[in-house]
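Please read all numbers here as calculations on a predicted model, not as lab measurements. Lettering follows sequence order; numbering is per chain, from 1.
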Amino acid sequence: MAAHLSYGRVNLNVLREAVRRELREFLDKCAGSKAIVWDEYLTGPFGLIAQYSLLKEHEVEKMFTLKGSRLPAADVKNIIFFVRPRLELMDIIAENVLSEDRRGPARDFHILFVPRRSLLCEQRLKDLGVLGSFIHREEYSLDLIPFDGDLLSMESEGAFKECYLESDQTSLYHAAKGLMTLQALYGTIPQIFGKGECARQVANMMIRMKREFTGSQNSIFPVFDNLLLLDRNVDLLTPLATQLTYEGLIDEIYGIQNSYVKLPPEKFAPKKQGDGAKDLPTEAKKLQLNSAEELYAEIRDKNFNAVGSVLSKKAKVISAAFEERHNAKTVGEIKQFVSQLPHMQAARGSLANHTSIAELIKDVTTSEDFFDKLTVEQEFMSGIDTDKVNSYIEDCIAQKHPLIKVLRLVCLQSVCNSGLRQKVLDYYKREILQTYGYEHILTLHNLEKAGLLKPQTGGRNNYPTIRKTLRLWMDDVNEQNPTDISYVYSGYAPLSVRLAQLLSRPGWRSIEEVLRILPGPHFEERQPLPTGLQKKRQPGENRVTLIFFLGGVTFAEIAALRFLSQLEDGGTEYVIATTKLMNGASWIESLMEKPF
Amino acid sequence: MNRTKGDEEEYWNSSKFKAFTFDDEDDELSQLKESKRAVNSLRDFVDDDDDDDLERVSWSGEPVGRRTRPGSFQSLSDALSDTPAKSYAPELGRPKGEYRDYSNDWSPSDTVRRLRKGKVCSLERFRSLQDKLQLLEEAVSMHDGNVITAVLIFLKKTLSKEILFRELEVRQVALRHLIHFLKEIGDQKLLLDLFRFLDRTEELALSHYREHLNIQDPDKRKEFLKTCIGLPFSAEDSAHIQDHYTLLERQIIIEANDRHLESAGQTEIFRKHPRKASILNMPLVTTLFYSCFYHYTEAEGTFSSPVNLKKTFKIPDKQYVLTALAARAKLRAWHDVDALFTTKNWLGYTKKRAPIGFHRVVEILHKNSAPVQILQEYVNLVEDVDTKLNLATKFKCHDVVIDTYRDLKDRQQLLAYRSKVDKGSAEEEKIDAILNSSQIRWKN
């Protein structure tokens, strides 16, 4: 069903099967026919672990989205609410339950909290007088959802804000829980490394949870050698820059949600002769993007400038394959050709789709504004003119470009200058407030609190030291045949991934000075294994590192880690976990202040 | 805070958040009764129309929005028609109240452990301050936000504000959870009290200011913003908050006036260009644009005049010129555009000057589809020759391009440009005339 999850070094289908089993068990507890009422946000993540067919096998007959007033008619025995533990959702559920028509057949109510039950929510239901109406109130620990053979995400939108703005540890607790689940399935991870305040917290929680579970020894042979916990605020820079890999650009321009992307339909219209323009589809084209698609797996992590040549080579191979039919003379040859046909047709469809997507992206990347923006970003990241008002940013404000774009650039400048000079900061603030509205004072404060936009303190700019020591800016970058991770941003090597790379070789001791400049503690913990479970690595065998980004990770960073995994003499393969797959825009948006 | 009592009451009553109490007295049974009572009383009020407006979910990873296509429910309707009537096995669900625990002698650490496993425990037994604090410390050491919050709710209910604040001040993790929790349930009053107690004055100010986002009525919002002036913001922010208030105050006056003018139908500008939206709550620059569009010629004394806005909000020249230019160009008022850049010296000579640079002027004029004659005039004023040529070529100001190449004595470029203009056009003739001129010493 989800074969691509087992392609990697660690078979993540094991995790998927475990969460599916748990889901089935819950559904079977509510005997009889059922309808599921969905918290809209959850349908995306759930789609990655279970198809509708699974629910149908367990007598789910109807599904609705959670909305106020009365539930729609459904001739079922059970109504199950699948919700995140959020107060506003409790209010809606209560409304549903209270407006239930008692003259109709009695239906049983249940709640499944994802990923955790919440006493606060249950209290709210109690206050609203409906808590007693629920037979089963349970939790479904869908902490880490497998997205691909080497990728797990909690898809928790608010995690960064909660961790770094509100200092709320709830999502860290969920992260620790998710890591405990992974260890239960894949064995205890013998070594834990970390950098950052939140990383420290998660490690503490894990150690504590492990102590509490001492009753049952984990007897599974460990699959992971290391765990690296990284705080997002150790590297605020990377997500602000525009990602330049194929997948990264798709996400920047169209936004990838739960591995799906919606694209403008025009480019995907079936090309038939005589079709008038009015037949063009109006509904967005929706595509799933993951390594199950061979071509996508090959090109997604490439720099966009290297994608075109791959696509044209593929086109030649495929048309050559189709030409083969003329050479098929004997019945046996024809039969063989026909047997390959489905695979060839799928490849052709996939090629057509990605050619269209690449065209759409090219329209953007070749525009004057994209070029100007990229130039400014690259100047900042290489340390040029970061301490004065930038005229491109000024122009963007004057022309009222989207506020998120402006904020992203201003934050990038601030991070690349260890904070802006007070005069420069005040100038930007004033321009932004006058052009976009004074209420954005609140957003600017949030950005400041998160460390993204701040005045320079002590008049010192540490960024050049960090840049040089970690070699964050590479002048000679090979986009076609990369030799270094900096290809993912056409020159800038993501700081976070550099830290991972240096940890694996030669070790963090070589960069103590920079680690002290970056926020939060760095640490190492060992989780002792019984002798029987200790691994004897074969010569040449790679280590497997689970790297957990607390506060979000971008597709370009994932691409850079995959690049490291594939290096012949790299020595380390990475499995990536995060609280949220994100990009600069969705990140800034999550920090913007909106009405309650 | 100078909010009047009436306002405050109105605010709290209209707020969707209800006060939150942790009443542990009622057991499951009385709850059930209560909800039944609620249901029964509701039944009389809920009318019977079957509005089926809950949306359905398609199983492709996202919900089907309101604009659903028929076909989207294929799988769902299949499921329904295919399912034969079944006889159900007896209910095997666990009994209600599964999570309730009746034991009364759990220690704080046991209690927290049980809470963490999702079991409801009575916290009411912990009466002494010491017990309560121990409960809190246990919860904090578990790192489970859910449990920490549950204990905080209990403390909030059973401790006086002063003691609660005092104890949390020395317990930072718990304190942060309380702040987050108060924000979530919208208990603004207690939150402000807390910030005041902690002397976190700027947070107090921002948190108070934030509330204006939830006030829709413009007059009430204005009054609320007034209460924000003088709160302990940073000096920079104080000025912005003051401006925010002043701006909304202005907008309310302008809006009332213009709505009246528009509906009276006597004013030409409103007849020709009906307003697309109200000006209320728009940013300053948008307001300035509006004022330059509808009230350009008004004397400085009126609130709606651009000059008045410029003075009141100390809008920099650059910003003002940009906005006025965009507004006047949109109205194709080329005279005004001209005047915007004309300066007279004391001898009465006029000179063209643009604080934003003429290249920007040209871009904006082009965006507002200004005719070539107008564009040409401003392209000519661009000082840098390369920029000038670029713009002239981009916007097809042939005369400027031709004259510039002539002045540069660049025969090759002129020849190349000849191939770009229409055959037999006046431009071609002009180029030919120049190329044939014997007066020019070409450099190439």
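- Counting heavy-atom pairs under 4.5 Å between each of B:Glu363, B:Lys367, B:Met282, B:His177 and chain A puts B:His177 at the top.
- Note that CG of B:Leu206 and CD1 of A:Ile441 are 7.5 Å apart. Values are rounded to the nearest 0.5 Å.
- Salt-bridge formation is detected for the pair A:Asp395/B:Arg360: a Lys NZ or Arg NE/NH1/NH2 atom is positioned less than 4.0 Å from an Asp or Glu carboxylate oxygen.
- Both the backbone and the side chain of B:His143 have a heavy atom closer than 4.5 Å to some heavy atom of chain A.
- Across A:Ser171, A:Ser259, A:Gly437, A:Ser167, the residue that shares the most heavy-atom pairs under 4.5 angstrom with chain B is A:Ser167.
- Residues B:Leu213 and A:Lys594 have side chains not in contact (no heavy-atom distance under 4.5 Å, counting atoms from C-beta outward).
- With a 4.5 Å cut-off on non-hydrogen atoms, B:Met142 touches chain A through its backbone and its side chain both.
- Ion pairing between A:Glu394 and B:Lys318 holds under the 4.0 Å rule for side-chain N and carboxylate O.
- Taking the side chain as every heavy atom from C-beta outward, A:Ser118 and B:Asn146 approach each other to under 4.5 Å.
- Heavy atoms closer than 4.5 Å to chain A are found nowhere in B:Phe233, neither backbone nor side chain.
- Using a 4.5 Å cut-off between heavy atoms, B:Glu202 contacts chain A through its side chain alone, with no backbone atom that close.
- Put simply, OG1 on B:Thr149 and CG on A:Leu120 are 6.0 Å apart, with the number rounded to the nearest 0.5 Å.
- B:Glu203 touches chain A through its side chain: at least one heavy atom from C-beta onward sits under 4.5 Å away, while N, CA, C and O do not.
- If you tally non-hydrogen atom pairs under 4.5 Å between each of A:Arg116, A:Lys177, A:Glu439 and chain B, the highest count goes to A:Glu439.
- No part of B:Ile356 comes within reach of chain A, as not one of its non-hydrogen atoms sits under 4.5 angstrom from that chain.
- Within the 4.5 angstrom heavy-atom criterion, atoms from both the backbone and the side chain of B:Ser141 approach chain A.
- The shortest heavy-atom contact between A:Ala398 and B:Leu322 is CB-CD1, 3.6 Å.
- Taking CZ from A:Arg430 and NZ from B:Lys314, the interatomic distance works out to 7.5 Å, rounded to the nearest 0.5 Å.
- Proximity to chain A involves both the backbone and the side chain of B:Asp243, based on heavy atoms less than 4.5 angstrom apart.
- Minimum interatomic distance between B:Ala150 and A:Leu119 (heavy atoms only, all atoms of both residues): CB-CD1, 3.4 Å.
- One distance of note links CG of B:Asp237 with CG of A:Leu444; it measures 8.5 Å at 0.5 Å rounding.
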Is there a side chain to side chain contact (heavy atoms under 4.5 Å, CB included) between A:Glu166 and B:Ile179? Walk through the geometry before answering. CA-CA 8 Å; A:Glu166 333 246 352; B:Ile179 291 170; over 6 Å; no
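- Between atom CD of residue A:Gln123 and atom CZ of residue B:Phe154 there is a gap of 12.5 Å, rounded to the nearest 0.5 Å.
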Trace of the side chain to side chain contact (heavy atoms under 4.5 Å, CB included) decision for A:Gln169 with B:Val173: CA-CA 9 Å; A:Gln169 301 181 332; B:Val173 177; 4.1 Å; yes
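- Annotation for A:Lys400: atom NZ counts as buried by contact number, over 12 foreign heavy atoms lying within 6.0 Å.
- Of all non-hydrogen atoms in B:Gln319 and A:Gln434, the two that sit nearest each other are NE2-OE1, 4.5 Å.
- A salt bridge links B:Arg210 to A:Glu593: at least one charged side-chain nitrogen sits closer than 4.0 Å to a carboxylate oxygen.
- Neither the backbone nor the side chain of A:Gln288 comes within contact range of chain B; no heavy atoms are under 4.5 Å apart.
- Between atom CD of residue A:Glu162 and atom NE2 of residue B:His180 there is a gap of 4.5 Å, rounded to the nearest 0.5 Å.
- Between chain B and the residues A:Lys449, A:Lys429, A:Arg208, the largest count of heavy-atom pairs under 4.5 Å involves A:Arg208.
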